[in-house]
**Q** 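Below you'll find the structure I mean.
In what follows, every chain begins at residue 1, and chains take the letters A, B, ... in the order their sequences are listed. Given the structure is predicted, the values throughout are model-derived calculations rather than measurements.
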Amino acid sequence: MNKKLVLVDGNSIAYRAFFALPLLTNDQGVYTNAVYGFTNMLMKILEDQEPSHILIAFDAGKTTFRHEQFESYKSDREKTPPELSEQMPIIKEVLQAFQIKVTRIELYEADDIIGTLSKRGEDEGFDVRIYTGDKDLLQLVSERTHVAITKKGITNVEWFDEAHMEEVYGIPASHIPDMKGLAGDSSDNIPGIPKVGEKTALKLLKEFGNIEEVLNSSEQVSGPKLRERLTEFRDQALMSKELAVIHRESPVEESLSDLEYTGYETNDVRKLFTEYGFNSLMKHIGVDDEEQIEAKERALEEFTFHHEQEITEDMLQSPAALVIESPTENYHHAEIWGLGIVNENGSYTVPMDVALQSDDFKAWLADETKEKYVFDGKKLTVMLGWEGFDVRGIVFDTLIASYLIDPSLSSHDLANIAERREMTSVLLDEEVYGKGAKQQKPEADALNDHIARKTATIWKLQPLLKEELTTNDQWQLFETLELPLALVLSEMELEGVKVDQEQLKQMGVELDERLGQLERDIHELAGEDFNINSPKQLGPILFEKLGLPVIKKTKTGYSTAADVLEKLEGEHDIIPNLLHYRQISKLRSTYVEGLLKVIHGKSNKIHTRFNQALTQTGRLSSQDPNLQNIPIRLEEGRKIRKVFVPSEENWYILAADYSQIELRVLAHMSGDEKLMEAFHEGQDVHTKTAMDVFDVSKDDVTDTMRRNAKAVNFGIVYGISDYGLSQNLGITRKEAQSFIDKYFETYPNVKRYMDESIAYAKEHGYVTTLLKRRRYLHDINNRNFNLRSFAERTAMNTPIQGTAADIIKKAMVDVANTLNDQSLKSRLLLQVHDELIFEVPESELETMKQLVSDLMSQTISLDVPLVVDVEFGKTWYEAK
DNA sequence: ACAAACACGC
DNA sequence: GACGTACGTGTTTGTA
């Protein structure tokens with residue numbers, strides 16, 4: 001048998017895993033990110049190496065024999081964060097479950113254990129493979145011993161054998177301590193020689209051999225300063241080298257035969273993975289999805305329900321939990337599988353065709369006084385809407401409740417919502433039905449069981465979630481804003497938007513022609529045919545064949561993104577053609593073909609779906625198709641809007657948008673007089689910002705000043721960093737930072753408000769909007785600068801963007817109610833973050849212009865006016 | 001089936 | 001000492 005000894009630097013890998021992953025916790029709130037990363041790495045090692053022998057070495061306590069030589073050894077090292085220390089025992093548990101030997105020795109480091117065992121291994125004819133993040137261990141590389149150094153991420157490593165050592169360092173492995181002796185190592189607080197870094201050290205060693213020879217030949221070294229330092233710090237260098245030498249005769253008790261690896265018990269590992277929530281790792285230990293689900297099914301609570309072949313009086317009570325089951329993601333094309341009702345009388349399922357034929361059921365659905373608890377009422381309402389049913393009386397929606405309680409949760413599936421509240425009453429749809437191509441309808445009994453469980457879960461969750469909302473002071477937000485909005489959105493989605501299909505096709509033909517011409521030109525300019533849509537093919541052509549300067553690289557090669565191409569505009573005729581090609585290509589695929597694909601067969605309209613429970617800020621999103629990113633900035637793209645037309649003769653498209661709503665919200669929430677002034681006086685806010693920031697009069701504001709001011713305003717609203725701003729303006733980070741500083745000097749109350757937001761977040765762990773929407777910022781006190789900075793920017797930005805979202809949502813509810821109350825025919829069709837799109841009969845145009853503008857600007861009262869611009873036209877394009 | 005690169009809106 | 005930088009959706013390519 002192949003003798004292969006794998007030695008792992010446990011502390012190093014744990015550290016790496018901890019910092020590479022966000023601070024995950026399992027459902028008990030135990031931190032698990034380092035355990036997860038470590039386990040992932042461990043399994044990769046076992047898979048890749050199939051070791052015959054393996055050991056994980058850990059450091060012992062704080063002091064080691066090296067401290068006797070040099071007391072400040074590793075003294076500057078930051079203390080291990082408690083969030084990581086807590087995880088070390090769990091890592092040991094994992095290793096135990098995997099039946100892998102672990103060791104540590106007092107006064108020695110993991111390095112020394114590894115050094116000793118690798119030597120013993122080599123002597124006994126083993127191939128040795130070492131995993132670590134610490135380059136010190138490279139000194140052990142030999143013909144039989146290879147070292148893997150962790151790179152970006154956790155499971156990525158760079159392998160060093162003798163040849164690769166030569167390539168990278170140009171010195172033999174055994175001279176790594178010599179290098180440390182000269183260059184030192186700030187992370188271990190090894191001093192080395194001041195001002196000598198890795199580069200210099202390598203140069204010297206390549207020239208003279210080892211450290212002693214370098215020091216002895218110091219008079220031959222070029223550079224007088226360096227020569228002096230070599231003499232002056234001679235002893236320090238020698239001591240540094242000694243510190244870096246790994247001890248290869250440490251008192252390791254384990255013999256090699258103790259380290260023999262015979263594998264693990266799947267069950268032990270599975271138990272542990274379940275405990276810590278490592279479901280994604282299950283498949284790596286040969287526990288497949290079905291086994292997992294079976295295990296879960298066995299764990300489900302006992303549950304009984306009645307499957308009936310007719311709708312009965314017992315079912316149509318109030319309140320009741322209601323499930324209309326459909327596996328179809330896009331509910332405009334839903335296949336309905338069944339119906340579940342749970343109320344005081346019990347739990348029922350009924351075949352859907354039976355329910356659809358029942359007038360009693362239809363009346364119950366449409367009866368506002370019959371209170372219904374649901375999961376995703378919008379989906380339910382739209383699905384039944386397509387079937388000609390009206391749904392009223394939804395008074396609780398578990399999806400929306402879960403979203404409001406914590407939008408940051410990665411999943412608001414019913415099973416997850418329940419699981420978080422210690423309920424084991426239901427499985428995920430995916431677990432029952434399978435996913436993707438493997439999805440299939442189960443046997444009737446299993447299907448009805450699942451439907452009944454879902455319905456019962458909603459029933460049981462309702463009081464819990466209501467309590468949580470109340471505790472969070474979010475009940476009003478839920479009841480008067482989000483829940484009514486869900487109904488408004490369902491009407492918008494069901495109504496759909498009419499598009500001029502013929503015109504869209506015509507645009508497709510024209511774009512095709514232009515694309516063909518551009519393609520020919522580009523191929524000619526490149527001197528060869530290639531796939532222009534492939535950055536992988538385009539990169540080498542631009543930056544190798546045509547020799548254009550490389551501005552930016554991506555993970556996988558050259559960046560060919562628009563901002564890069566724009567910098568190359570003057571360099572080659574191919575560039576403008578490429579930019580144009582990209583633009584046209586986007587229009588054709590996403591907008592022309594994309595929209596044609598989603599015209600609904602039954603209505604000949606486009607029916608998007610708004611996701612009301614997704615964004616972290618409270619905004620909506622739109623999909624299938626996304627009607628919130630229809631082109632507007634460039635004229636060519638904007639023409640797409642011409643195909644969006646009213647669905648009836650002599651009607652108009654009316655667009656009403658809030659002017660600068662986020663900045664107005666900021667002015668209101670911060671109470672900054674200077675910023676409020678701009679809005680009270682009805683000035684152009686970017687010009688006003690430029691005047692204030694650059695301290696000039698209105699006439700002296702240059703285009704550049706206004707552009708900079710606008711970018712800073714933009715940055716404030718979106719919470720971008722100095723880096724983001726610098727990218728936007730094509731300036732350095734320093735310059736961007738100084739703009740931001742100036743902005744805060746100019747608007748001190750904005751600064752104060754931002755600081756208060758951060759302080760609030762640090763104290764409470766979340767920030768809120770005007771209407772009590774919440775966003776938790778888990779990294780707000782993180783030691784990692786970037787994560788913390790990001791959380792801080794989010795703390796500043798979310799109350800602003802989120803409040804703007806609150807406002808337009810409230811306006812939507814107001815508008816929908818008023819249209820209804822006044823029996824107007826006009827219909828709300830779309831929302832695009834700060835604007836509402838309607839279709840309006842000619843006879844209502846004047847009424848609507850006034851009404852919509854008034855309702856939107858008065859839906860909430862701020863200390864600055866909310867200004868609404870209203871436009872209309874025969875198409876969306878003309879409503880500008 | 002999934003990731004990467006790119007581009008559109010706010 | 002480096003982390004990776006507003007959010008969301010959709011398209012295409014290219015690989016597993």
Side-chain angles (χ1 to χ4, degrees), chain A residues 16 19-22 76-78 152-153 185-187 407 435-438 530-539 552-565 578-579 582-595 597-598 608-611 614-634 637-638 640-641 657-658 660-662 714-728 733 736 779 782-794 796-798 800-802 804-805 808 830-835:
Chain A
R16 182 84 205 181
F19 285 109
L21 295 173
D76 277 1
R77 187 162 284 190
E78 273 191 48
K152 238 185 171 166
D185 183 337
S186 57
S187 70
K435 69 168 168 180
K438 281 185 276 181
F530 67 103
N531 187 341
I532 305 171
N533 286 320
S534 165
K536 197 181 169 212
Q537 294 178 39
L538 177 60
K552 199 165 73 179
K553 289 200 138 198
T554 66
K555 264 184 266 184
T556 53
Y558 306 106
S559 168
T560 66
D563 61 322
V564 171
L565 297 185
L578 279 171
L579 286 164
R582 287 251 175 92
Q583 191 195 340
I584 304 291
S585 166
K586 174 83 177 174
L587 290 179
R588 181 181 67 168
S589 62
T590 305
Y591 297 107
V592 173
E593 284 172 11
L595 289 177
K597 244 188 290 189
V598 292
T608 187
R609 285 172 298 140
F610 291 103
N611 198 332
L614 183 131
T615 70
Q616 300 305 301
T617 54
R619 278 186 171 186
L620 301 174
S621 73
S622 154
Q623 59 175 326
D624 283 326
N626 183 349
L627 292 182
Q628 290 182 320
N629 71 344
I630 303 300
I632 189 165
R633 244 183 59 243
L634 299 170
R638 188 174 202 158
I640 294 286
R641 295 184 170 222
D657 70 286
Y658 281 111
Q660 303 296 349
I661 185 165
E662 282 99 350
F714 175 88
I716 298 284
V717 165
Y718 287 114
I720 63 174
S721 57
D722 53 354
Y723 174 86
L725 183 62
S726 73
Q727 292 293 302
N728 278 343
R733 240 167 79 161
D779 291 324
N782 198 304
R783 268 171 313 280
N784 179 315
F785 175 82
N786 291 303
L787 292 177
R788 189 178 63 247
S789 301
F790 180 49
E792 287 173 356
R793 294 200 302 276
T794 310
M796 300 190 268
N797 147 261
T798 295
I800 304 190
Q801 213 189 105
I808 193 162
L830 298 173
Q831 186 249 47
V832 191
H833 307 308
D834 66 351
E835 75 177 318

**Q** Checking all strands, does S789(A) fall into the base, sugar-phosphate, or nothing category for heavy-atom contacts under 4.0 angstrom?
**A** nothing
**Q** What is the distance, rounded to the nearest whole Å, between atom CD of Q660(A) and atom P of dC10(B)?
**A** 12 Å
**Q** Please report, rounded to the nearest Å, how far the P atom of dG4(C) is from the CZ atom of R783(A).
**A** 17 Å
**Q** Testing the basics here: between L614(A) and N611(A), what is the closest heavy-atom pair and its distance to 0.1 Å?
**A** CD1-ND2, 3.4 Å
**Q** What closest approach, in Å, do V832(A) and L627(A) show between heavy atoms, and which atom pair accounts for it?
**A** CG2-O, 4.1 Å
**Q** Counting side-chain heavy atoms from C-beta on, which of dG10(C), dC8(B), dG4(C) comes nearest to Q623(A)?
**A** dG10(C)
**Q** Mind checking the P distance from dG4(C) to dA7(B)? Whole angstroms is fine.
**A** 22 Å
**Q** For N797(A), answer base if it contacts any base atom (sugar-phosphate contacts may also be present), sugar-phosphate if it contacts only those atoms, and nothing otherwise; contact means non-hydrogen atoms under 4.0 Å.
**A** nothing
**Q** Nearest heavy-atom pair of N531(A) and Q537(A): which atoms, and what distance?
**A** N-OE1, 2.9 Å
**Q** Counting heavy atoms from C-beta on, name the nucleotide in dC6(B), dA6(C), dC2(B) closest to the side chain of A561(A).
**A** dC6(B)
**Q** Would you state whether a donor and an acceptor, one from the side chain of R619(A) and one from the base of dC10(B), lie under 3.5 Å apart?
**A** yes
**Q** Which atom pair, heavy atoms only, marks the closest approach of G637(A) to L587(A)?
**A** CA-CD2, 3.6 Å
**Q** If you compare all heavy atoms of R788(A) against all heavy atoms of N782(A), which two are closest, and at what distance to 0.1 Å?
**A** NH1-O, 2.8 Å
**Q** Regarding I632(A), tell me which of base, sugar-phosphate or nothing describes its non-hydrogen contacts under 4.0 Å with the strands shown.
**A** sugar-phosphate
**Q** Checking contacts here: which listed nucleotide (dC3(C), dT5(C), dG8(C)) is nearest the side-chain heavy atoms of S621(A)?
**A** dG8(C)
**Q** Rounded to the nearest angstrom, tell me the gap between atom CG in N626(A) and atom P in dC7(C).
**A** 16 Å
**Q** Between CG of D722(A) and CZ of R793(A), what distance do you get to the nearest 0.5 Å?
**A** 7.5 Å
**Q** Restricting to salt bridge (charged side-chain N to carboxylate O under 4.0 Å, His left out), what partner residues turn up for R619(A), sequence neighbours left out?
**A** E662(A)
**Q** What integer number of Å spans the P atoms of dC10(B) and dT5(C)?
**A** 23 Å
**Q** Base, sugar-phosphate or nothing for Q616(A)? Non-hydrogen atoms, less than 4.0 Å.
**A** sugar-phosphate
**Q** Checking base pairs now: Watson-Crick or wobble, both atom distances under 3.5 Å. What partners dC3(C)?
**A** none
**Q** May I have the distance from Y558(A) (atom OH) to dC6(B) (atom C1'), rounded to whole angstrom?
**A** 19 Å
**Q** Is there a Watson-Crick or G-U wobble partner for dG8(C) with both distances under 3.5 Å, and which nucleotide is it?
**A** dC8(B)
**Q** Is there, by distance only and without an angle test, a donor paired with an acceptor across the side chain of D834(A) and the base of dC10(B) below 3.5 Å?
**A** no
**Q** With heavy atoms under 4.0 Å as the rule, sort S622(A) into base, sugar-phosphate or nothing.
**A** sugar-phosphate
**Q** Across the strands shown, which category fits F790(A) at heavy-atom distances under 4.0 angstrom: base, sugar-phosphate, nothing?
**A** sugar-phosphate
**Q** Could you tell me how far apart L830(A) (CG) and dG9(B) (P) are, to the nearest whole angstrom?
**A** 16 Å
**Q** Tell me the closest heavy-atom pair linking T608(A) and Q623(A), and the distance in Å.
**A** OG1-O, 3.1 Å
**Q** For Q801(A) and dG9(B), what is the distance between atoms CD and P respectively, to the nearest whole Å?
**A** 17 Å
**Q** Look up atom OG1 in T560(A) and atom CG in L538(A), then write down how far apart they are to the nearest 0.5 Å.
**A** 5.0 Å
**Q** May I have the distance from N629(A) (atom CG) to dC7(C) (atom C1'), rounded to whole angstrom?
**A** 12 Å
**Q** Respond yes when some side-chain nitrogen or oxygen of T554(A) is under 4.0 Å from OP1 or OP2 of dA5(B), and no when none is.
**A** yes
**Q** Consider the side chain of R582(A), meaning its heavy atoms from C-beta on, and name the nucleotide among dC8(B), dA5(B), dC6(B) that approaches it most closely.
**A** dC6(B)
**Q** Between R633(A) and dG9(B), is there a side-chain N or O to OP1/OP2 distance below 4.0 Å?
**A** yes
**Q** At under 4.0 Å between heavy atoms, which parts of nucleotides 11-16 of chain C does protein reach? Answer with one letter per nucleotide, 5' to 3': B base, S sugar-phosphate only, - none.
**A** SSSSS-
**Q** Figure out the CG/P separation between N728(A) and dA6(C), and round it to whole Å.
**A** 9 Å
**Q** Respond yes when some side-chain nitrogen or oxygen of T556(A) is under 4.0 Å from OP1 or OP2 of dA5(B), and no when none is.
**A** yes
